[in-house]
Amino acid sequence: KTEKTDEGVPIYKMSNNFRLRITNHRKIFFNYTRDISCFSCERDLHDSYTVSGNRGKTRCVPCAVKYHIIDEVPEEIKELV
């Protein structure tokens, strides 16, 4: 159920349910619970969007773009990254 303003315009809340499968080994997801850090920059990835890779190489979204793992940040999470 979507909340609406007095004028009847829907209010969309940001949700962290975005998931994108790039390949069988690479996915973009929101990390709620695991205490992991970025393989490239050592940034803590708890409560942030994460790009998983094979062999446990998990990266933050900016590093994944920097190292050409993904082409660009998806539109759905651009303002959250």
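Start at 1 with the first residue, then count along the sequence.
To the nearest 0.5 Å, atom NZ of residue Lys66 and atom SG of residue Cys41 are 8.0 Å apart. To the nearest 0.5 Å, the span separating CD1 on Ile28 from CG on Asn31 amounts to 13.5 Å. The NZ atom of Lys57 sits 13.5 Å away from the OG atom of Ser52 when rounded to the nearest 0.5 Å. Here CZ of Arg26 is found 6.0 Å from CD1 of Ile69. Values are rounded to the nearest 0.5 Å.
Of the candidates Tyr32, Phe30, Phe29, Phe30 is the only one forming a ring-ring contact (aromatic ring centres under 6.0 Å, His included) with Tyr49.
In plain terms, the two heavy atoms of Lys27 and Arg21 that are nearest each other are CE-NH2, 3.4 Å. Contact detail for Cys60 and Cys38: the closest heavy-atom pair is N-SG, 3.4 Å.
Here the side chains of Val65 and Val51 are not in contact, with every heavy-atom distance at 4.5 Å or above. With a 4.5 Å cut-off on side-chain heavy atoms, Ser48 and Arg43 count as touching.
Residue Asn54 qualifies as enclosed at atom CG: its count of foreign heavy atoms under 6.0 Å is above 12.
Residues satisfying the salt bridge (Lys or Arg N to Asp or Glu O under 4.0 Å) test with Glu75, not counting sequence neighbours, are Lys78.
The hydrophobic cluster around Ile36 extends to Leu45, counting ILVMFWY residues whose side-chain heavy atoms fall within less than 4.5 Å of a member.
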